[in-house]
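Heads up: the structure comes next, in structure tokens.
Residue numbers begin at 1 in each chain, while the letters A, B, ... track the order of the sequences. What you see is a predicted model, and the numbers here were worked out from it, not measured in a lab.
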Amino acid sequence: AQSVTQLDSHVSVSEGTPVLLRCNYSSSYSPSLFWYVQHPNKGLQLLLKYTSAATLVKGINGFEAEFKKSETSFHLTKPSAHMSDAAEYFCVVTAGSGNTGKLIFGQGTTLQVKP
Amino acid sequence: NAGVTQTPKFQVLKTGQSMTLQCAQDMNHEYMSWYRQDPGMGLRLIHYSVGAGITDQGEVPNGYNVSRSTTEDFPLRLLSAAPSQTSVYFCASSYRDRGHEQYFGPGTRLTVT
């Protein structure tokens, strides 16, 4: 069965310092992986996605993630945090073979950015 | 395109009442899903559909019904509301050729008293 584990429920960084949000996954198939962001009282926005092309994926707002099959990881990084990055981040994997459109969400990581 | 739309944005129900949350998309997406979001639990799949006339249960289907008579619409029905159904509900749609990148609606905040 597929699963997603976000290793930190809360991450706090200072503005201008690097961001690392960690995600491990489990899948019997070749999964598609996503990172979504949710700002307070807002909907979900796609940051980036991996769908079996390049393992280093660049997304919006300077975020990127690297798919590492050997480590079953898909960590999200950003070189320099902005105050506007404070939000909830979700790592997501396609369920099963990916033909149903079902997604499995991690429990989320809250990113706090201090001035 | 309006994308994925949901109505209402907010709703308060009394225990035992029924209601339908509406979801529509204008992108001709094959796949549609309903999720609920509760603090500390991410999003959990309630029901999903791979096309008109085809629906299936997700992780937390109890107390909810769905139908998909058209490609565009995917309503979620609460049969007899319970306080445990207090949550934020998101509808999403996707297209296989885009790797099932999901497009989310703005959400419905439901409170059951």
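Within 6.0 Å of CZ on B/Arg44 lie more than 12 heavy atoms contributed by other residues, nucleotides or ligands.
Ring centers of A/Tyr25 and A/Tyr50: at least 6.0 Å apart, outside the cut-off. Close placement of the B/His29 and B/Tyr103 rings is indicated, their centers lying within 6.0 Å of each other.
In terms of heavy-atom pairs under 4.5 Å with chain B, the best-connected choice from A/Gln38, A/Gln45, A/Glu88 is A/Gln38.
Both the backbone and the side chain of B/Gln102 come within contact range of chain A, judged by heavy atoms closer than 4.5 Å. Only the side chain of B/Leu45 comes within contact range of chain A, judged by heavy atoms closer than 4.5 Å.
Taking the ring pair (Phe, Tyr, Trp, His ring centres under 6.0 Å) definition, one finds that A/Tyr36 meets it with B/Phe104, sequence neighbours left out.
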